[in-house]
Structures are given as C-alpha cells and as structure tokens.
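For reference, positions follow the sequence shown, starting with 1. Computed from a predicted structure; not experimentally measured.
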Amino acid sequence: MKTRLLQVTLVTLLLTLTSLPSYAQEMYKLYIAGVQVSSDNCADLSAIEGVTGTASYDPETNTLTLDGASILNTKAENGWGSARGLYNMTKGLTIKLIGDNSIVSEQSGGIANGESITFTGEGSLKVTGTSTGKDSYRYGILNMGKITVQNCSLEVSAGLYGLKSGKWTFEKCNVRTQGGADGASFGALDAEPTFTSCSITAPSNTQWVKNKSDLYNLCDAEGKTVSDLVTITKEKELEMYKLYVAGVQVSSDNCADLSAIEGVTGTASYDPETNTLTLDGASILNTKAENGWGSARGLYNMTKGLTIKLIGDNSIVSEQSGGIANGESITFTGEGSLKVTGTSTGKDSYRYGILNMGKITVQNCSLEVSAGLYGLKSGKWTFEKCNVRTQGGADGASFGALDAEPTFTSCSITAPSNTQWVKNKSDLYNLCDAEGKIVSDLVTIAREKEDGIESITSTQSTVPSGVYDLQGLRLSDDLRELPDGIYIVNGEKVILRNR
C-alpha cells in the first residue's frame, strides 16, 4: 500500500513539473566583449565584463543602444572572435549612438560584421582594434556584409586596416579612419562606397582603385594605397532665413557676404546668431518685376527682432515694387544713414517706401524714404533720437495708414508745421495738416539738440520776459535751478533735459 502511494505521488509530481512553462534562455547572434547577447543580459549589457556605461539590446527592434558606453575586450583570440569588441551576425542591426562611446579590443579587431549594420544617432563612437598580432586581427571594423553610417560620428583605427571589406554607405556623417603604414585606412572593399551629403575631405585628390582581386582601395593621386588619416566630413546643411535681399532669400551660404547677390554692392552681411543685418556703405538695387510674392522688393523681412545696423551712407531701391516690406519687427540703428526708394509707377500696392505690417523702431540713425504713393505705411512705429525724411505721392500719404499713433523720444515732427494724427473710418491713423487733409509733402522728423535745450517756435502773440511754467507761473530765471521739463523762456517754449 505504501509502495503504491509513493508511485502515485511521484507520477503526480512529474506531471506537475512537465506542465510548468519553460523559461529557456534565448540567444541572439550578437557578441559584446566576447560574450553572446541573450534574453538574460540584453536589457543591461553592463552585466558583461568589460562593458561600462549604459548599453542595451532590444531584440524586438534589433537595436543596440550605446549611451556613454565603453566596451573593452582584453581576451585572447581563440579563432572564433572571442577577442573582438563587437561581433554581429544578425541582419539589419541598428546601433544607436547617444553621447560619446568607445569599443576597444586589445588583441583583435574592434568590430566584425557578418550581416548588416546601420550606425545612427546624434552621438559618436570610437573604435580601436589591436595594433599587434596576426594581420587578420589588426582591423578597426571588418565588414563582411553591409554597413551604413548615418548622421553620427565614427573614429576608427587599428594596426593594419581602419575600415576593411564589404559595402559601405555614408549619409550626413563625420568619419575619421586610419590604418597602419603597411595596411590601408580604407580598403579591400567589394565596391566603391556611396556618399550622401558628405564626402572625403582629407587627404585631397584621392581615388578608388580596383586591384587584381577586384577589391577597391582608397589611393592617392599616384595610385598608392592611403594609410594616413582619412576624413569624411558632413556637408553643411543649407539654412534658409526669413529675410530677402534684392529678391533673394538670405541663407547660410550667402549671409556672410550679401554682395554675392545680384544688385548688392558695398559691404552687407547678415549674422543669424544676433539676427543683425549690417549695411556698411551698401547699395541694394532690385530691378526684377513683381511676381506677387515680393520678388521685386528691395528688402523683405519676416524674422522677429531683426536689427539693421547702419554704417556710413546706404541705399535700398526697388524699381518695380516697394523699397522695404516688414512682416515682423525691425530696429534701424547705428550712426549711419539709409535712403529707401520704392517705385513711382505700377500698382498702388507696390508704390511704397516702407510697408510695415509689424513694428519698426528707428533709433539714433537717419532715414530718407520716398515712393509714388506712400512714404511710410502701416504698422506701429517708434522713433528715438533720429532724423527721418519721408514723402509719398500727391494721391497718397507721406506717413499714413498706421495701426496707432507713432511714439517719439527726443525727436519730433518739425515739418510741415501744425500737423495732427487723424483716425479714419478703418481705425487707421494718417498724418494730416491743420485742416485734416492727409499730408503728401515732405515730412521731417528731427532729433532734438544734444545740449538739452531745444527751441520751438511759440504761437503766442505776446512775448513776456522771464521764465514761466506752462501754467503761467513765474519761476527763477536761472535755468540750472529748474528740473527737466518744458518752460516758457522770454516768450519761447524750451525743453530742458539731460542735465
């Protein structure tokens, strides 16, 4: 009876064990520092001896992520790649680089690829293979399949070959590779590499030469295999700015010297870091016809906070459209001057000196603006310690269709006299004469005198002597005792300031 019970118990136990789920370790075709990556270690490869920093492998996406990681293999080579820094036999492996990373083998090659790898990410990877031992071990990266280097940076070196064998594609990347004196920095390839938005920049005058084994080596102009440092440099991406000069968009290619643009002479440059257009004795002339998109304007701004720095005498002229159109904000500044001339013919919408669809500040400098219909048109304006002359056409306005009355600091409209700002039915402001007629004659904004006292013609018929405030109260005759302000001195208004 006891024997029978024991037998039943053993059978039950065996059935229970066989019904439990299996948790067999899954092995992947990827080796790090001589250790095969598995389901046990893939989430944190720093569990492998020689791996530090953050390194992980995701089998679902077939992605090895290196984030400030260092892989060091000090093992001796056993003929099966145990000493390699990294060995890949999986198709379509992605190696994502974050920060600075390194892979080093002290006794074999840095990386061996038997299938396909894409290096990508915004980081970098330094790969170092051994400089001693058998020739077959002295490589930085041995590619027996296909490798793509995309957007990232690689630096590769070893005692014999830098980059060796296989097919290579380089896309918008930076690569430096060097082999040994008796080897090649980049050679024994199955085909010439392909380059997209990057190229070999050093050494100069290199060429790809096919040897008797139908393998390609990078050689110098005389056909000698290159073993010096080879540099592949990412091309600068053309950056376009929201600024047009003489109908041409300013870019990273032309911004340093805008005289490269047809119609621009003298010294003109745009600094995207400070968002500053500097005109130093520059002339901008646009003779193009208007296409409806501002191609004929002298200058067109759509960038926020543009500063136009004026040095010396400058000019902006459009023969068939407006002189300057602003869609955001501009500050004219500097000790120089600018003459802006828009067309006097064509459609009304083109006949303006400066069309302001945003905000413009004129600070310390001098402007002279004219066109066939409007001088200064639209938007919001601020004038600070500046001199401005503007004139429109007889059927237009010298200064009008504004969103708000302009503000003036240490400057004022001095001609014509007795002007006023009148709001029309569209809630836009025009500079008008005393009778409310829009001014189309020359308008002058003059900077106040620097000595602190600016005389303004008084409209009073009686000329009392002495110093009075605006309420008619007699004050001390010694102006030095008075605070800044406006006073009547011997029948004339004076502005006392900056003392």
Can you name the nearest heavy-atom pair linking [X] to [Y], along with the distance?
X: A325; Y: M357; result: CB-CE, 4.4 Å
X: K172; Y: K234; result: O-CD, 3.4 Å
X: S269; Y: A256; result: CB-O, 3.4 Å
X: G298; Y: I316; result: CA-CG2, 3.7 Å
X: L86; Y: I95; result: CD1-CD1, 4.3 Å
X: R447; Y: C411; result: CA-CB, 3.9 Å

Decide yes or no on side chain to side chain contact (heavy atoms under 4.5 Å, CB included) for E290 and Q320, but give the supporting numbers first. CA-CA 7 Å; E290 185 59 77; Q320 301 192 52; 5.6 Å; no
Tell me whether the count of non-hydrogen atoms from other residues, nucleotides or ligands lying under 6.0 Å of [atom1] in [X] goes above 12.
X: E192; atom1: CD; result: yes
X: K288; atom1: NZ; result: yes
X: E122; atom1: CD; result: no

When you measure from the side chain of [X] to the backbone N and O of [Y], does any donor-acceptor pair fall under 3.5 Å?
X: N143; Y: K164; answer: no
X: N62; Y: G92; answer: yes
X: N254; Y: L258; answer: no
X: E155; Y: L125; answer: no
X: T276; Y: T274; answer: yes
X: S410; Y: E448; answer: no
X: S251; Y: D253; answer: yes
X: S426; Y: L428; answer: no
X: T444; Y: I413; answer: no
X: Q249; Y: L243; answer: no

Pair [X]-[Y], side-chain donor/acceptor within less than 3.5 Å:
X: S259; Y: D257; result: yes
X: D100; Y: S124; result: yes
X: S440; Y: S398; result: no

Taking salt bridge (charged side-chain N to carboxylate O under 4.0 Å, His left out) as the test, write out the residues that go with D348, two or more places apart. R351
Is there a side-chain contact between [X] and [Y] (heavy atoms, below 4.5 Å)?
X: V362; Y: C386; answer: yes
X: E384; Y: T361; answer: yes
X: E319; Y: L285; answer: yes
X: L277; Y: L306; answer: yes
X: T307; Y: T333; answer: yes
X: F399; Y: I445; answer: yes
X: F332; Y: I324; answer: yes
X: N430; Y: V422; answer: no

Parallel, tilted or perpendicular for F408 and F383, by the 30°/60° rule? parallel
Quick one: [atom1] on [X] to [atom2] on [Y], what's the gap to the nearest 0.5 Å?
X: Q207; Y: C219; atom1: CD; atom2: SG; value: 6.0 Å
X: D67; Y: N101; atom1: CG; atom2: CG; value: 7.0 Å
X: E239; Y: C255; atom1: CD; atom2: SG; value: 8.5 Å
X: L376; Y: L402; atom1: CG; atom2: CG; value: 8.0 Å
X: N205; Y: D220; atom1: CG; atom2: CG; value: 9.0 Å
X: I71; Y: L66; atom1: CD1; atom2: CG; value: 5.0 Å

Could you walk me through whether V245 and V248 pass side chain to side chain contact (heavy atoms under 4.5 Å, CB included), step by step? CA-CA 5 Å; V245 173; V248 175; 5.9 Å; no
Please assess Y374 against L355 for the test side chain to side chain contact (heavy atoms under 4.5 Å, CB included), listing each intermediate value before the final yes or no. CA-CA 8 Å; Y374 279 91; L355 171 63; over 6 Å; no
Among L367, V369, L442, side chain to side chain contact (heavy atoms under 4.5 Å, CB included) partner for R389: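 Only match with R389 under side chain to side chain contact (heavy atoms under 4.5 Å, CB included): L442.
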Residues in ring pair (Phe, Tyr, Trp, His ring centres under 6.0 Å) with Y429, at least two apart? none
Ring pair (Phe, Tyr, Trp, His ring centres under 6.0 Å) partners for Y244, two or more places apart: Y300
Verdict with supporting geometry, D395 and L373, side chain to side chain contact (heavy atoms under 4.5 Å, CB included): CA-CA 7 Å; D395 56 341; L373 191 64; 3.5 Å; yes
